[in-house]
Amino acid sequence: MATSAFSRLPGFRDFAPEDFALRSHIFDAWRQTSRRYGFLEYDGPPLELLDLYVEKSGEEIVGQLYNFVDKGDRPVALRPEMTPSLARILGDRSRGMAKPIRWFSIPQLFRYERQQRGRLREHFQLNVDIVGEASVHADAEVVAVGIDALRALGLTSADFYARVSDRRLLSVVLGACGVDETRLPAAFAVVDKLERQPRDKSHERLMAEAGLDADAANGALDLFEAKGLAAVTQRFGHRDDVGPALEPLHEYVKALEAMGLGDYVEVDLGIVRGLAYYTGIVFELFDRKGELRAICGGGRYDRLLELVGGEPLPAVGFGMGDVVLGELLRDRGLVPEYKRDLDYYIVVVSEEQRPQALSIAHRLREGGARVAYSLGEQSVGKQMKAAQKEGAREVLVIGPDEVARGCVRSRDMTTGEERDIAVDAL
RNA sequence: GUGGGUGUAGCUCAGUUGGUUAGAGCGCCGGAUUGUGGUUCCGGAGGUCGGCGGUUCAAUUCCGCUCAUCCACCCCA
């Protein structure tokens, strides 16, 4: 493979028109869906102070950031996610804003990691957030946007589904299983890994890291493998701590069912999500075949705004990346065929007619039409070929005869039909 | 960051058990067709066989390193 002296940085993409078409297709669906729910679009700078990320995720995340010291000696980083920026932006102005705040954004995000399928060093992510509303209906609304954004791209419940959990419920269930409060973070980490490691390994870790005995660990694993809320309700529903903690998820699922999105939702307490700032219901969208990484992930983060120095406001949101989504659309044959599209191609028979051709082209363009013509001197046959390649729907031929008669010869490129059109009628 | 697979034309891939000028299809450019596209036919351009080094009379082929890419791990925004 011939490599130019300036190769593309690993994990970064070029978007030639064919690639850009898919990107636009995805962005259009994201924007239209978000707006249908009343969300407003915003953006922030791609470069932020490093501390914004260290603050909420801890020092260790720095290893995955594109960070450097700028010329003003400020430690800065390319944004790896949007939520901290959102929290910062709102921190400055949320006090004066009507609640709930419904905002969305499509930022390009960066992370310095080894790339793999569905995971690059740069991607675009739809971020949808509701700030200032603690009701579970905000949680339901947000996940509904995520589901509908995918439906807008032609995906159905046969292609993907949401797995939802609630960290508060998970905490009390683990407590009921016998996990000591101080061991909860460790237990969360084991639960997060449940699907990616064999059961006996999880069992071992629950004992070693979460402090459970063999029976308790088995009981907990049975509970998580059962999915759904039934097993938890049956076993712990009567308890004062677990019983009430089941309510939010029940209401959440009921709301989504009322929207007609019940087929898309499955309760699965094994969904934890890595980020430390989530405080309540969390969810991830996966392809049904389980071939790809999570398409989307989010949840409630009621303390983040305060943490970043803003007004204490409850919040819920998600991020949906364009990379995994693009893979899924490709796999399901849902990428629209790329085709060039032009309203008119003007064929100039000889150079004497070029001024008339330019005049017509300009008039048509002012009317909003997409118009092109050969920029060099070429045979009519060549120009026809070019018109075909550029996807022209109609060709306007202008030669000495046409000029003499004050018309152009129009050819419909689909039917091949030709007719004269008076120049004034264009 | 760790381990493994892969790397031949713009794209998808043949091929070379180490031996003169490395091939196909698609795409691109030109011609048949100097006032009419799609089809067809003919022709052409395009490759330091990812890079560097080693072994050899000879390396695209074997070896080492490196880079890129893919998979698993790690991590997950």
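Convention: sequence-line order gives letters A, B, ...; per-chain numbering from 1.
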What one-letter contact string describes nucleotides 32-46 of chain B from 5' to 3', where B marks a base within less than 4.0 Å of any protein heavy atom, S marks contact via sugar-phosphate atoms alone, and - marks no contact? ---BBBB--------
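Judged by distance alone with a 3.5 Å cut-off, a donor-acceptor contact links the side chain of A:R119 to the base of B:C75. For A:R114 against B:U2, a side-chain N or O and a base N or O form a donor-acceptor pair under 3.5 Å. You'll find a donor-acceptor pair under 3.5 Å spanning the side chain of A:Q64 and the base of B:A77, going by distance alone.
Looking at residues two or more places apart in sequence or on another chain, you find no side chain to side chain donor-acceptor pair (under 3.5 Å) involving A:Y345.
For the residue pair A:D19 / A:Y338, no side-chain donor-acceptor distance below 3.5 Å is found, with atom types taken as modelled. Donor-acceptor pairing under 3.5 Å is recorded for the side chains of A:E48 and A:S85. Looking at A:R293 and A:Q116, their side chains do bring a donor and an acceptor atom within 3.5 Å of each other.
Annotation: side chain of A:L426 is in contact with side chain of A:V408 (closest heavy-atom distance under 4.5 Å).
One atom, CD of A:Q116, and another, C1' of B:C73, lie 9 Å apart when rounded to the nearest Å. Nucleotide B:C71 holds its C1' atom 13 Å from the CD atom of A:E327, rounded to whole Å. Taking atom NZ of A:K201 as the reference point, atom C1' of B:C74 lies 12 Å away to the nearest angstrom.
In this structure, A:R79 reaches neither bases nor backbone, as no heavy-atom distance under 4.0 Å exists between it and the strands shown. Using a 4.0 Å heavy-atom criterion, one finds that A:Q383 contacts no nucleic acid atom at all.
Going from the P atom of B:U8 to that of B:A14 covers 10 Å, rounded to whole Å.
The side-chain tip of A:R167 does not point at the ring of A:F188 from less than 6.0 angstrom away and within 45° of straight on.
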Could you provide the dot-bracket string of RNA chain B, using ( ) for intrastrand pairs, [ ] for crossing pairs and | for bases paired to another strand, with Watson-Crick or G-U pairs below 3.5 Å? (((((((..((((.....[...)))).(((((.......))))).....(((((..]....))))))))))))....
